[in-house]
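Every number for a ligand or one of its atoms is a count from 1 in the order of the listing.
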Amino acid sequence: MNMMNLHQDAALALASVRAEIARACRDAQRDPAGVSLIAVSKTFGADAIEPVIAAGQKVFGENRVQEANAKWPALKAKYSGVELHMIGSLQSNKAKEAVALFDAIHSLDRQSLAEALGNEISKQARRPQLFVEVNTGAEPQKAGVLPQDVDAFVKRCTEDWGLRIDGLMCIPPAEEAPAPHFALTAKIAARNGLKLLSMGMSADFPVAIAMGATHVRVGTAIFGMRDTGHPRA
Ligand SMILES: *Cc1c(COP(=O)(O)O)cnc(C)c1O
């Protein structure tokens, strides 16, 4: 594929996702300015990412610190105003790198990580937005705080570990209708006074917008299929 095709494909895909977001906002009588599109660029290199930046996209998501650190410092230096979100699970020993590189972290899900992030945020005087990940389906293999534990976890984040929590994030079980999971996440956020909701991926972001998502994380619909041989892709 030549560069011109890449540019056109990226611009078309992005325009179509943006149109779907606008439609979902209209249907839900919401202001589209209240929904931030995170283009999930994991597994894709700069050659695929640059056309998406050229098409006007500023907010990107990655799920691994090491991969993000290999790609984004150069891209951030080249293009101003790029915002980077960490959407994958985060090891506490990567907190330092994560706080330095990311503008938002969507995967805060346990005490050790909260403490590590708290330390780094004060050390680096840099505060990424923080989302607590909720395991709405109580899936044993999945990260996230159980729904019944979120209120207490958010309280401890604030009072004991000095963190400001901005919102909640969820990834509904693959085999279930996502709407009840989005609704549950929105309800828990509301009762904790949290304004941001990171929910919705390529397959279900219009539903998430109907349920109040402020951040949708869209990969495949913008970049195309990921190499399925890639672990954790
Ligand atoms: C990969 C990923 C996405 C994007 O998924 P698509 O189905 O490609 O849109 C969203 N959220 C998280 C947490 C991811 O890991």
Tell me, please, which residues at least two apart from Arg23 pass side chain to side chain donor-acceptor pair (under 3.5 Å).
none
Can you check which of Arg217, Lys42, His85 brings a heavy atom nearest to atom 2 (C) of ligand 1?
Lys42
Can we say Lys76 and Asp103 salt-bridge, meaning some charged N sits less than 4.0 Å from an Asp/Glu carboxylate O?
yes
So does Lys96 have more than 12 non-hydrogen atoms from other groups sitting under 6.0 Å from NZ?
no
For Gln148, I'd like to know if atom CD has over 12 heavy atoms of other residues, nucleotides or ligands within 6.0 Å.
yes
Kindly give the cluster partners of Leu146, where membership spreads through any ILVMFWY side chain lying under 4.5 Å from a current member.
none
Numbering the atoms of ligand 1 from 1, which are under 4.0 Å from a heavy atom of [X]?
X: Thr220; result: 6 (P), 7 (O), 8 (O), 9 (O)
X: Ser202; result: 6 (P), 7 (O), 8 (O), 9 (O)
X: Val218; result: 9 (O)
X: Ile171; result: 13 (C)

When you compare ligand 1 with Gly219, is there at least one nitrogen or oxygen pair between them that comes in under 3.5 angstrom?
yes
Relative to each other, are the rings of His215 and His106 parallel, tilted or perpendicular (30° and 60° limits)?
perpendicular
Does ligand 1 have any atom sitting under 4.0 Å from a heavy atom of Arg226?
yes
